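What follows is a single structure, written as structure tokens, with notes after it.
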Amino acid sequence: QVQLVESGGGLVQAGGSLRLSCATSGLTFSSYAMGWFRQVPGKEREFVAVIRWRGGTTYYADSVKGRFTISRDNAKNTVYLQMNSLKPEDTAVYYCVAGRSVVTERDMYDYWGQGTQVTVSS
């Protein structure tokens, strides 16, 4: 079956960096757009970033543009999210997603990971 497993979350001070990884199995990785969403308790999951199946084209939420970078390694079936200049408002559970389209709507993604907590202290 399809599995998306995130790692790399944790506690970091404001201004610091974290790199999230999402290892996948059970899907033809290079055929899927891969992305990241995040969720704060009491709020809906929001789009963070997405990368096209063969890389190259990326899209970011305005709130993270210039600070976060999404990348993928199709040989390792893994997608990454490099997060720099972190802010307390970046605190959330971050979810890895896989879908057939390069979109920002969460309902368009077929597979989701279990999430990894990122906490940014002020």
Side-chain angles (χ1 to χ4, degrees):
Q1 79 258 26
V2 176
Q3 286 192 313
L4 282 64
V5 181
E6 303 97 335
S7 61
L11 174 64
V12 64
Q13 288 189 330
S17 297
L18 281 175
R19 188 196 195 201
L20 305 184
S21 299
C22 173
T24 72
S25 61
L27 77 168
T28 306
F29 183 76
S30 60
S31 297
Y32 281 82
M34 298 298 300
W36 293 90
F37 280 71
R38 66 186 182 185
Q39 187 172 25
V40 175
K43 293 189 176 181
E44 294 185 344
R45 291 183 186 183
E46 65 172 3
F47 168 78
V48 175
V50 63
I51 185 167
R52 193 174 288 274
W53 31 91
R54 296 197 184 276
T57 302
T58 57
Y59 297 97
Y60 297 92
D62 288 342
S63 58
V64 307
K65 204 171 293 183
R67 299 186 298 121
F68 290 11
T69 302
I70 188 171
S71 61
R72 65 189 294 159
D73 186 337
N74 285 352
K76 295 183 178 179
N77 294 342
T78 300
V79 62
Y80 307 96
L81 185 68
Q82 178 66 44
M83 306 186 294
N84 298 330
S85 302
L86 282 162
K87 305 175 181 179
E89 51 264 44
D90 294 319
T91 296
V93 176
Y94 283 72
Y95 296 90
C96 174
V97 296
R100 293 292 193 175
S101 302
V102 182
V103 294
T104 62
E105 292 80 12
R106 62 182 181 274
D107 292 342
M108 296 297 291
Y109 286 91
D110 301 316
Y111 303 107
W112 291 73
Q114 83 287 350
T116 185
Q117 176 70 46
V118 171
T119 303
V120 184
S121 64
S122 57

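All values below come from the heavy atoms of this structure, side chains included, with hydrogens, waters and symmetry mates left out. Treat the numbers as computed from the prediction; the structure is a model and nothing was measured.
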Discussion item. Quick check: closest heavy atoms across Ala92 and Val40, and the distance to 0.1 Å?
Written reply: CB-CG2, 3.9 Å

Item to complete: Check the pair Val50, Val103 against side chain to side chain contact (heavy atoms under 4.5 Å, CB included), reporting the backbone distance first and the verdict last.
Response: CA-CA 7 Å; Val50 63; Val103 294; over 6 Å; no

Worksheet item: Is there side-chain contact between Gln1 and Gln3, with at least one heavy-atom pair below 4.5 Å?
Response: yes

Discussion item. For a 4.5 angstrom cut-off between non-hydrogen side-chain atoms, does Arg45 reach Tyr95?
Written reply: yes

Worksheet, complete the sentence: Rounded to the nearest 0.5 Å, the OG1 atom of Thr116 sits from the CG atom of Leu81 at a distance of 11.0 Å

Item to complete: Indicate yes or no: at least one non-hydrogen side-chain atom of Val118 is less than 4.5 angstrom from one of Val120.
Response: yes

Discussion item. Could you report the tightest heavy-atom contact between Leu27 and Ala98, atom names first, then the distance?
Written reply: CD1-CB, 3.9 Å

Item to complete: Answer yes if Val102 and Met108 sit in the same cluster of Ile, Leu, Val, Met, Phe, Trp and Tyr residues linked by side chain heavy atoms under 4.5 Å apart, and no otherwise.
Response: yes

Item to complete: Using the rule that two of Ile, Leu, Val, Met, Phe, Trp, Tyr join whenever any of their side-chain heavy atoms come within less than 4.5 Å, decide whether Trp36 and Val12 are in one cluster.
Response: yes

Discussion item. Could you report the tightest heavy-atom contact between Leu20 and Gly9, atom names first, then the distance?
Written reply: CD2-N, 3.6 Å

Worksheet item: Got Ser63 and Arg38 here, is their nearest side-chain heavy-atom distance under 4.5 Å?
Response: yes

Practice prompt. Flag yes if more than 12 heavy atoms outside Lys43 fall under 6.0 Å of its NZ atom; otherwise flag no.
Written response: no

Discussion item. Could you tell me if the side chain of Tyr32 sits less than 4.5 Å from the side chain of Asp110, heavy atoms only?
Written reply: yes

Item to complete: Determine the minimum heavy-atom distance between Gly35 and Ile70, stating which atoms define it.
Response: CA-CD1, 4.0 Å

Worksheet item: Do side-chain atoms of Arg72 reach the backbone of Trp53 as a donor and acceptor pair under 3.5 angstrom?
Response: yes

Worksheet entry | N/O donor-acceptor pair under 3.5 Å between Arg67 side chain and Ser85 backbone | yes

Discussion item. Show, in sequence, the C-alpha distance, side-chain angles and deciding distance for Lys87 and Asp90, and conclude whether the salt bridge (charged side-chain N to carboxylate O under 4.0 Å, His left out) test is met.
Written reply: CA-CA 5 Å; Lys87 305 175 181 179; Asp90 294 319; over 6 Å; no

Worksheet, complete the sentence: Minimal heavy-atom distance between Ala14 and Ser122, with the atoms involved, is CB-CA, 4.4 Å

Worksheet item: So, the side chain of Glu6 versus the backbone of Gln114: is there a donor-acceptor pair under 3.5 Å, distance only?
Response: yes

Worksheet item: Quick one: are Thr24 and Met34 in side-chain contact, heavy atoms under 4.5 Å?
Response: yes

Discussion item. Nearest 0.5 Å, please: how far is CG in Asn77 from SG in Cys22?
Written reply: 10.5 Å

Discussion item. If you compare all heavy atoms of Leu4 against all heavy atoms of Val2, which two are closest, and at what distance to 0.1 Å?
Written reply: CD1-CG1, 3.6 Å

Worksheet item: Are Phe37 and Tyr109 close enough that their ring centres sit under 6.0 Å apart?
Response: yes

Worksheet item: Same cluster for Phe68 and Tyr80 if Ile/Leu/Val/Met/Phe/Trp/Tyr side chains link at under 4.5 Å?
Response: no

Worksheet item: Are side-chain heavy atoms of Thr91 and Gln117 found at a separation under 4.5 Å?
Response: yes

Worksheet item: What is the distance from atom CZ of Arg19 to atom CE of Met83, rounded to the nearest 0.5 Å?
Response: 11.5 Å

Worksheet item: Looking at CZ of Arg54 and OG of Ser31, how far apart are the two atoms once the value is rounded to the nearest 0.5 Å?
Response: 7.0 Å

